[in-house]
Chemist: 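Below is the structure I would like to discuss, written out as structure tokens.
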Amino acid sequence: MLKKHHTLFLFYVFFLISLMTYQSFRGPFRPILYLRYPLFLVNDVIDTAVSIVSKPFVLLFTIEGENVRLRSELNRLLLKEQQYDEAINENKRLSSLLTLKDETINYVSAARVIARQPDKWYHQMVLDSGTKTGVKKDMAARTDRGLIGKIISAESNYSTVLLLTDVYSSVAVRLEDNRTEAVLSGTGSELCLLKYIPVSEDVKVGESLVTSGTDNLFPAGIPVGRVLSVERATSGMFLEIKVELFAQPTKTEEVIIVSREGT
């Protein structure tokens, strides 16, 4: 028993001497630090595994967010492009009207189309110009392409146009090449009818019509439309002629008002 105690004592003394020798060369002995290394290693492995697994999802979310941002930017640019194109088209139309104004000696006013009545789509439209700018009843409304109709009523700040396409609308016209005079009447659709051309006349498809001025309403020389078709009825005295207007009322956004005075 005593021998055993001596052995343990010697082992203890050896351990202390070894510990003191180690600390004298390597500093204080801290066994807890050695126990932390496996924990750090496990933590690094877990972090690496989580990073590898989550990376595709993070990338997917990043791409999805970028796609949303790019779609929003694309929509914004498309809207800008539409606004830019609309501004260019409006500028072209206004430039054409300005040129027409300078060339028209009986010019009265320029106006924008502000309303159309759904039940009279092909018949009437309302302009933002009225008696304050000199607009009066029976004046002509036209674009740079041609005649649109006539003013049937005028208030202080707006006026109403009866379009050529209305069934109650008619205008004295002349065939530019044939020089034959006739009456153009509305049909309630986009096309109009050219009336009172004798069957003996040689009217060609594509021939242009201008106002003749003989109705004492519209100034002479305003472009009106072109002949779309010519049919000779088996009976009757006149040709059946359909006319396509140069200025389409449903596509008109601005007009100028023209007086017959001075023509």
Side-chain angles (χ1 to χ4, degrees), residues 1-101 110-122 124-129 143-145 148 157-158 161 163 189-190 247-256:
M1 186 68 181
L2 183 62
K3 187 176 182 180
K4 186 177 180 180
H5 287 168
H6 288 167
T7 302
L8 291 175
F9 177 75
L10 291 174
F11 177 78
Y12 178 71
V13 170
F14 175 77
F15 174 76
L16 290 176
I17 293 172
S18 299
L19 181 61
M20 292 173 64
T21 303
Y22 176 85
Q23 289 183 342
S24 64
F25 289 100
R26 306 292 297 270
F29 178 67
R30 297 175 180 175
I32 299 301
L33 291 178
Y34 295 96
L35 295 177
R36 291 169 55 186
Y37 292 147
L39 297 177
F40 290 157
L41 180 61
V42 172
N43 185 62
D44 289 342
V45 171
I46 292 174
D47 286 345
T48 303
V50 170
S51 177
I52 293 174
V53 173
S54 64
K55 187 174 182 180
F57 295 100
V58 173
L59 182 61
L60 180 63
F61 290 139
T62 302
I63 293 175
E64 180 63 22
E66 185 67 13
N67 286 340
V68 171
R69 188 188 67 78
L70 290 176
R71 281 197 294 270
S72 176
E73 182 69 13
L74 178 61
N75 291 333
R76 188 184 67 81
L77 292 176
L78 288 176
L79 180 59
K80 284 284 186 182
E81 183 181 11
Q82 291 176 352
Q83 293 173 342
Y84 180 70
D85 290 342
E86 180 65 21
I88 291 177
N89 292 331
E90 183 179 20
N91 184 58
K92 288 180 180 177
R93 295 196 309 270
L94 295 179
S95 295
S96 298
L97 283 181
L98 185 61
T99 301
L100 181 63
K101 170 191 171 184
R112 291 180 185 273
V113 178
I114 57 174
R116 304 177 194 272
Q117 299 183 26
D119 59 333
K120 298 179 180 179
W121 196 260
Y122 288 110
Q124 297 180 12
M125 60 187 185
V126 181
L127 307 178
D128 67 348
S129 186
T143 71
D144 60 320
R145 293 177 178 272
I148 286 291
N157 298 309
Y158 68 92
V161 178
L163 302 174
S189 67
E190 290 184 339
Q248 294 296 321
T250 56
K251 297 180 180 178
T252 299
E253 298 178 58
E254 299 92 9
V255 301
I256 66 168

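Residue indices begin at 1 and follow the sequence shown.
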Chemist: Pairs under 3.5 angstrom only: tabulate donor-acceptor contacts from the side chains of residues 47-59 to other protein residues two or more places apart or in another chain.
Modeler:
from, atom 1, to, atom 2, distance (Å)
Asp47, OD2, Asn43, ND2, 3.4
Thr48, OG1, Asp44, O, 2.8
Ser54, OG, Val50, O, 2.7

Chemist: Do the side chains of Leu100 and Ile256 get nearer than 4.5 Å, heavy atoms only?
Modeler: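 A side-chain contact exists here, since the closest heavy-atom pair is under 4.5 Å.
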Chemist: Can you tell me if Arg145 has over 12 outside heavy atoms packed within less than 6.0 Å of its CZ?
Modeler: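 Result for CZ/Arg145: open.
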Chemist: Report the residues that fulfil side chain to side chain donor-acceptor pair (under 3.5 Å) with Gln248, sequence neighbours left out, ordered by chain and then residue number.
Modeler: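 If we apply the side chain to side chain donor-acceptor pair (under 3.5 Å) test to Gln248, skipping adjacent residues, there are no hits.
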Chemist: Does Thr7 form a side chain to side chain contact (heavy atoms under 4.5 Å, CB included) with Phe11? I'd like the steps, not just the answer.
Modeler: CA-CA 6 Å; Thr7 302; Phe11 177 78; 5.6 Å; no
Chemist: List the steps and the verdict of side chain to side chain contact (heavy atoms under 4.5 Å, CB included) for Val126 and Arg116.
Modeler: CA-CA 6 Å; Val126 181; Arg116 304 177 194 272; over 6 Å; no
Chemist: Kindly give the heavy-atom pair with the smallest separation between Ala111 and Asp128, and that separation in Å.
Modeler: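 Smallest heavy-atom distance, with atoms named: CA-OD1, 3.4 Å.
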Chemist: For a 4.5 angstrom cut-off between non-hydrogen side-chain atoms, does Glu254 reach Val113?
Modeler: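 Side chain of Glu254 against side chain of Val113, heavy atoms only: no contact under 4.5 Å found.
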Chemist: Do Met125 and Val255 have side-chain heavy atoms sitting under 4.5 Å apart?
Modeler: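 With C-beta onward as the side chain, the pair touches.
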Chemist: So, do Leu163 and Gln124 sit near enough that their side-chain heavy atoms are less than 4.5 Å apart?
Modeler: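 Leu163 does not reach Gln124 side chain to side chain.
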Chemist: For Ala247 and Ile148, work out which heavy atoms get closest and say how close.
Modeler: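 So the two residues come closest at CB-CD1, 3.5 Å.
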Chemist: For Lys92, which residues count as a side chain to side chain contact (heavy atoms under 4.5 Å, CB included) partner, sequence neighbours excluded?
Modeler: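 Expected list: Ile88.
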Chemist: Once side chain to side chain donor-acceptor pair (under 3.5 Å) is applied, what residue pairs with a partner in residues 81-91 remain, sequence neighbours excluded?
Modeler: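 Checked against side chain to side chain donor-acceptor pair (under 3.5 Å) - neighbours excluded - the pairs reaching residues 81-91 are Glu90-Arg112.
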Chemist: Using every non-hydrogen atom in the two residues, find where Ile114 and Leu127 come nearest and quote the distance to one decimal.
Modeler: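 Looks like CD1-O, 3.8 Å.
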Chemist: Going by the side chain to side chain donor-acceptor pair (under 3.5 Å) test, which pairs reach into residues 61-79, not counting sequence neighbours?
Modeler: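 Listed once each, the pairs are Glu66-Arg69, Glu73-Arg76.
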